[in-house]
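Taking it in order: structure first as structure tokens, then the write-up.
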Amino acid sequence: MGRLFIETLSGPRIFKCRYCKVDSASRDDVVSKEFQGRYGRAYLFRNVVNISLGPIEERQLISGLHTVNDVYCSSCQQIMGWKYDKAYEPSQKYKEGMYILERERMLKEGW
């Protein structure tokens, strides 16, 4: 299987996996806090670290049909959210390549 590589983020405000406390994202990469996930509020991020992606699938979300991958913590394998691969609605194209992380699944450090 190999050795697990964990990236550590620098900066005063970091989001971490609630379960294993591994860094997930920086506050500087938050695009929006106005999203809805499976478990409540969620944040849209430009970039995240220490994740693995699930299989690609089409999913009907509140904002329409999207092609997405589930996002898992690379350390503990808990589901964190999803990555937008493709948006079919022109008004939703800005989400492509970005990540949703569920607020319920994260801890804030340095706030």
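Note: hydrogens, waters and symmetry copies are ignored here, and every other heavy atom, side chains too, is used.
Listed here is the closest heavy atom pair of Tyr94 and Met98: O-CE, 3.3 Å. Closest non-hydrogen pair, Cys17 versus Ser24, comes out as N-OG, 3.4 Å. Nearest heavy atom pair, residue Leu9 against residue Ala25, reads CD1-C, 3.4 Å. The minimum heavy-atom distance between Val22 and Ile6, with the atom names listed, is CG1-CG2, 3.8 Å. Summarising the geometry of Gln92 relative to Ala87, their closest heavy-atom pair is O-CB, 3.4 Å, with the distance given to 0.1 Å. When all heavy atoms are compared, the tightest approach of Arg18 to Met106 is NH2-O, 3.2 Å.
In this structure, Val48 is not a member of the same hydrophobic cluster as Ile100, with clusters built from ILVMFWY side-chain heavy atoms closer than 4.5 Å. Under the 4.5 Å side-chain heavy-atom criterion for ILVMFWY residues, a single connected hydrophobic cluster contains both Val31 and Val68. Taking hydrophobic clusters as Ile, Leu, Val, Met, Phe, Trp and Tyr residues chained together by side-chain heavy-atom distances below 4.5 Å, Met80 shares a cluster with Tyr99. No path of Ile, Leu, Val, Met, Phe, Trp and Tyr side chains, each step under 4.5 Å between heavy atoms, connects Phe35 with Val30, placing them in separate hydrophobic clusters. Cluster annotation: Phe15 is connected to Leu53 through the hydrophobic network of ILVMFWY side chains, with a link wherever side-chain heavy atoms come within less than 4.5 Å.
Tyr19 and Arg105 form a side-chain donor-acceptor contact under 3.5 Å, judged by distance and modelled atom types alone.
The backbone N or O of Lys86 lies less than 3.5 Å from no partner atom in the side chain of Glu96, so there is not a single donor-acceptor pair. Judged by distance alone, the side chain of Glu102 and the main-chain N or O of Arg38 form a donor-acceptor pair under 3.5 Å. Side chain of Arg46 to backbone of Asp28: a donor-acceptor contact under 3.5 angstrom is found. Using modelled atom types, one side-chain atom of Asn50 and one backbone atom of Glu7 make a donor-acceptor pair closer than 3.5 Å. Proximity of a side-chain donor or acceptor of Arg41 to a complementary backbone N or O of Lys33 within less than 3.5 Å is detected.
Ring orientation note: the planes of Trp82 and Tyr84 are nearly perpendicular, at an angle over 60° on the 30°/60° scale.
Summarising the geometry, atom CG belonging to Leu101 is positioned 12.5 Å from atom NZ belonging to Lys83; distances are rounded to the nearest 0.5 Å. Taking CD1 of Ile14 as the start and OG1 of Thr8 as the end, the distance is 9.5 Å to the nearest 0.5 Å. Interatomic distance, Asn47 CG to Ser26 OG, rounded to the nearest 0.5 Å: 9.0 Å. Between atom NZ of residue Lys21 and atom SG of residue Cys73 there is a gap of 11.0 Å, rounded to the nearest 0.5 Å.
Residue Arg59 forms a side chain to side chain donor-acceptor pair (under 3.5 Å) with just one option from Asp70, Asn69, Thr67, and that option is Asp70.
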Query raised in the report: Which is it for Tyr39 and Arg103 under the side chain to side chain contact (heavy atoms under 4.5 Å, CB included) test, yes or no, and what are the steps along the way?
Result: CA-CA 8 Å; Tyr39 306 103; Arg103 201 170 140 199; over 6 Å; no

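Here the side chains of Glu34 and Tyr43 are not in contact, with every heavy-atom distance at 4.5 Å or above.
A salt bridge does not link Lys95 to Asp85: none of the charged side-chain nitrogens sits closer than 4.0 Å to a carboxylate oxygen.
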